[in-house]
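Numbering of ligands and ligand atoms starts at 1, following listing order. Note that the structure is a prediction, hence the values are computed from the model and not measured.
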Amino acid sequence: MTKKYNFTVIGGGLVGCLASIVLSKKNYSICLIEKKSFKTIIPDNFSPLSLTINTIDFLKKNRLWDDGIFKSSEINKLTIKLFNSFNVVQFTSDDLNGEKLGSIIDKSSFLSFLRDKCLKDQNIDIVDEIDLNLETNTSPFQISLIQTKSEIMSENLIVTDGANSQLAKKLNMKSLALSYKQTSFMLTVNFKSVSGGAFQVFTKKGIFAILPYNDNSVSIVASVYDDFIDDFNFESENANIQLLESELCPFIKGIHNPILLYKYPLNTTRLVTWTRQNIIFLGNSSQLLHPFGAQGFNFAVDCVKEIDNHSTELFIDNELSSDLIETINMKRNTVLNRIDFTSSALMKNNILANLSSSFFSKAMNSSATLRKSILKKLVGVN
Ligand SMILES: Cc1cc2nc3c(=O)[nH]c(=O)nc-3n(C[C@H](O)[C@H](O)[C@H](O)COP(=O)(O)OP(=O)(O)OC[C@H]3O[C@@H](n4cnc5c(N)ncnc54)[C@H](O)[C@@H]3O)c2cc1C
């Protein structure tokens, strides 16, 4: 017999799991489909995910926060360096009257935690290690599960199948191709000395983040322009650590024992619209945000939060509620504009980037009100 669901969520990453849990709390029935194995997450080294205060509050409200499991550490200081040491801006929790600026957690532990919640949730059926076929493009959706030769029916679809979404292609969603001409390398390194807090450093070779991990190590997200990838040589045993250290000067010294956790080419597509009739795209399937500012998952949480806050029917006459679309559209445009502005104004070491970085740092360092307002946006405080 074909089982029927209110929602089918495609993709069991962070966003698919979170959306499923939130919808289940509203008493919807959900089928969560993951292409790979859902049960086993191979534990790797600490892979940092920076969370804003908004996200942390939402997770806590939904009882999805466990400091111990996520190995979380608080951020109380954030330093941004734009090309040279004249352009340094430092934010501390004092700028927010003592409130922390956010937390860093381990991505894999967090994903395991969310998946475990999904597995135990009676409203959520998990189907994993499966390829699917959408037999109908409109609601009710008929979905064939290829390997088991079975099918399910669903009133609504939430697509969270990650960057360069295959489902979006199958559904002919309009999208814009986007290439930052950079690849992000996620590394853990040991050090001799490091200044406290988190750092975001813009140089002509790339955009780098230093994130606290433990007493001996930090995580480094190095989003390197394609032209300089060979210079850093992160994928070889002879990674150019001296070059990395000079880019991060003066914040960290004596880098050694680098471990490359993963690399992520920053070529992707961005959907023009993230919803169509009874279909919602969330997370990376809708847009892959540049790791600068660590906004990708935090923005997805903001969208799920709006869906959660929505008090009436989510879909009316086979269309997602218009006020919900409007609210998320406004937030999405703000985030995308901020990312696009940053990438055009600050991500290249040209005259414009030098002028904007000097203007940005001077303005930040001279106006407490502006500092506070920018910081609130950066760390997601309303
Ligand atoms: C280097 C880097 C650093 C980042 N740091 C931060 C940060 O500090 N803070 C932050 O907020 N964000 C950060 N992000 C962004 C964040 O990682 C993403 O926003 C988030 O992981 C996206 O989750 P997702 O569930 O949308 O996609 P994914 O994690 O890609 O999950 C997609 C899932 O769908 C499954 N799937 C794929 N195709 C199918 C299919 N056909 N059927 C079923 N399942 C399918 C996949 O197997 C996968 O499990 C960072 C990103 C990068 C690249």
Side-chain angles (χ1 to χ4, degrees), residues 8-20 31-41 46-52 54-56 58-59 72 75 102-108 110-111 114-115 118 126-134 143-147 157-171 180 182-187 198 200 206-209 211 219-224 260-268 271 274 280-304 335 339 378-380:
T8 292
V9 176
I10 300 174
L14 291 177
V15 180
C17 290
L18 182 68
S20 301
C31 181
L32 173 52
I33 303 178
E34 166 57 42
K35 192 182 176 129
K36 299 183 187 153
S37 166
F38 193 81
K39 286 120 207 155
T40 39
I41 297 176
F46 182 89
S47 174
L49 185 71
S50 309
L51 300 183
T52 61
N54 249 338
T55 297
I56 298 164
F58 182 71
L59 294 175
S72 83
I75 303 179
S103 283
I104 295 176
I105 61 170
D106 176 41
K107 210 174 187 174
S108 309
F110 182 46
L111 180 58
L114 291 184
R115 285 189 170 182
C118 290
I126 311 281
V127 180
D128 67 345
E129 297 184 83
I130 203 109
D131 293 307
L132 62 87
N133 218 2
L134 268 186
I143 303 167
S144 319
L145 306 171
I146 310 230
Q147 287 83 344
L157 269 191
I158 299 208
V159 182
T160 68
D161 62 344
N164 301 313
S165 165
Q166 292 305 308
L167 259 290
K169 276 183 204 143
K170 277 189 195 155
L171 288 162
Y180 289 101
Q182 294 167 19
T183 296
S184 282
F185 296 87
M186 182 68 83
L187 304 142
Q200 187 85 62
I207 297 110
F208 302 83
L211 305 168
S219 306
I220 291 182
V221 190
S223 301
V224 177
L260 176 63
L261 303 185
Y262 62 85
K263 69 167 190 176
Y264 207 109
L266 295 176
N267 303 328
T268 183
L271 295 191
W274 53 277
I280 302 178
F281 287 81
L282 291 175
N284 280 358
S285 70
S286 171
Q287 68 284 307
L288 174 85
L289 298 180
H290 191 285
F292 157 77
Q295 299 175 76
F297 178 66
N298 289 305
F299 174 62
V301 174
D302 229 11
C303 298
V304 174
V335 169
I339 293 267
L378 281 177
V379 303

Contact atoms of ligand 1, heavy-atom distance to [X] under 4.0 Å:
X    : result
G162 : 27 (O), 30 (O), 32 (C)
I33  : 43 (C), 44 (N)
G283 : 26 (O)
L49  : 6 (C), 7 (C), 8 (O), 9 (N), 10 (C), 12 (N), 13 (C)
R115 : 49 (O)
G296 : 10 (C), 11 (O), 12 (N), 15 (C), 19 (O)
S184 : 1 (C)
I10  : 42 (N), 43 (C)

Just distances here: any N/O of [X] and N/O of ligand 1 closer than 3.5 Å?
X    : value
V15  : yes
K35  : yes
E34  : yes
N298 : yes
N284 : yes

Closest protein heavy atom (residue, atom, distance) for [atom]:
atom                    : answer
atom 31 (O) of ligand 1 : G13 CA, 3.6 Å
atom 4 (C) of ligand 1  : P291 CB, 4.4 Å
atom 38 (N) of ligand 1 : D161 CB, 3.5 Å
atom 12 (N) of ligand 1 : F297 N, 3.1 Å
atom 34 (O) of ligand 1 : G11 CA, 3.3 Å
atom 41 (N) of ligand 1 : L167 CD2, 4.1 Å
atom 17 (O) of ligand 1 : K107 NZ, 3.0 Å
atom 8 (O) of ligand 1  : S50 N, 2.8 Å

Do the side chain of [X] and the main chain of [Y] share a donor and acceptor less than 3.5 angstrom apart?
X    : Y    : answer
T160 : G11  : yes
E34  : K36  : yes
D161 : Q166 : yes
Q287 : L271 : no
S47  : D106 : no
N267 : N164 : no

Spacing of [atom1] belonging to [X] relative to [atom2] belonging to [Y], to within rounding of 0.5 Å:
X    : Y    : atom1 : atom2 : answer
S285 : L167 : OG    : CG    : 8.0 Å
L49  : S72  : CG    : OG    : 11.5 Å
L59  : L114 : CG    : CG    : 7.5 Å
S184 : I207 : OG    : CD1   : 8.5 Å

So do [Y] and [X] actually touch side chain to side chain, heavy atoms under 4.5 Å?
X    : Y    : answer
C118 : F38  : yes
F110 : L18  : no
L51  : N298 : yes
L132 : T8   : no

Per-atom contact, [atom], protein heavy atoms, under 4.0 angstrom:
atom                    : result
atom 51 (C) of ligand 1 : no
atom 47 (O) of ligand 1 : yes
atom 26 (O) of ligand 1 : yes

Of T160, D131, L211, which has the heavy atom at the shortest distance from atom 32 (C) of ligand 1?
->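 When every heavy atom of T160, D131, L211 is considered, T160 comes closest to atom 32 (C) of ligand 1.
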
Between Y180 and F292, is the gap from one ring center to the other below 6.0 Å?
->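 Ring centres of F292 and Y180 not closer than 6.0 Å.
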
At a 4.0 Å cut-off, with the gap strictly under it, does some heavy atom of Q287 reach an atom of ligand 1?
->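 Distance cut 4.0 Å: Q287 fails for ligand 1.
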
